[in-house]
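See below for the structure under consideration.
All values derive from a computational prediction rather than experimental measurement.
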Amino acid sequence: MSKCNCFEQTLKKIDAKIREQIPDNARDVSIDWENRVFMFNGGDHSPVSPKVKLEYRKIKRDGEPAASLTKDSISILPSYCMFCGREYQKDGGES
């Protein structure tokens, strides 16, 4: 089974659309996915780990809400391609 190349194909399309909209004389243009993933076991995997950000207001001991928000984020390593739905290999081995 061949590897999924949806991320590469999608990034090429995004790159082309962005370059149409920025000035022709723009220099040092870099367009790439954020939160790239490097897997030591190789195999088929998502090259990007999407982030989910969360914010919430804690309640103080006196029952009042805290003045500031607590902010955090969680990265997710998908098991399936978000574009084509193909399942990634779990062990990095050949199928």
- Task: Write out all pairs satisfying salt bridge (charged side-chain N to carboxylate O under 4.0 Å, His left out) with one or both partners inside residues 9-25, taking only residues at least two apart or from two chains.
- Result: Asp15-Arg19
- Task: With the side chain counted from C-beta on, respond yes when Pro47 and Arg36 share a heavy-atom pair under 4.5 Å apart, and no when they do not.
- Result: yes
- So, do Pro50 and Ser75 sit near enough that their side-chain heavy atoms are less than 4.5 Å apart? no
- Message: In this structure, would Leu54 and Val52 fall into the same cluster of hydrophobic residues linked by side-chain contacts under 4.5 Å?
- Response: no
- Item | Side-chain heavy atoms of Gln9 within contact of Phe83, under 4.5 Å | no
- Task: Decide yes or no for Trp33 and Thr10: does some side-chain heavy atom of the first lie under 4.5 Å from some side-chain heavy atom of the second?
- Result: yes
- Message: I'd like to check Ile76 versus Lys51 (side-chain heavy atoms, cut-off strictly below 4.5 Å). Are they in contact?
- Response: no
- Query: Strictly under 6.0 Å, is that where the ring centroids of Tyr88 and Tyr80 end up?
  - Reply: no
- Item | Between CZ on residue Phe7 and SG on residue Cys84, distance to nearest 0.5 Å | 9.0 Å
- Task: Find out whether Val48 and Val37 are in side-chain contact, i.e. whether some heavy atom of one side chain is under 4.5 Å from a heavy atom of the other.
- Result: no
- Query: In Å and rounded to the nearest 0.5 Å, what is the OG to CE distance from Ser49 to Met39?
  - Reply: 10.0 Å
- Quick check: does any side chain N or O of Arg57 sit under 3.5 Å from a backbone N or O of Ala66, one acting as donor and the other as acceptor? yes
- Task: Verify the neighbour count for atom CD of Glu55: are there more than 12 heavy atoms of other residues, nucleotides or ligands below 6.0 Å?
- Result: yes
- Query: Same cluster for Ile31 and Ile22 if Ile/Leu/Val/Met/Phe/Trp/Tyr side chains link at under 4.5 Å?
  - Reply: yes
- Check: Arg86 and Asp44 side chains under 4.5 Å, non-hydrogen atoms: yes
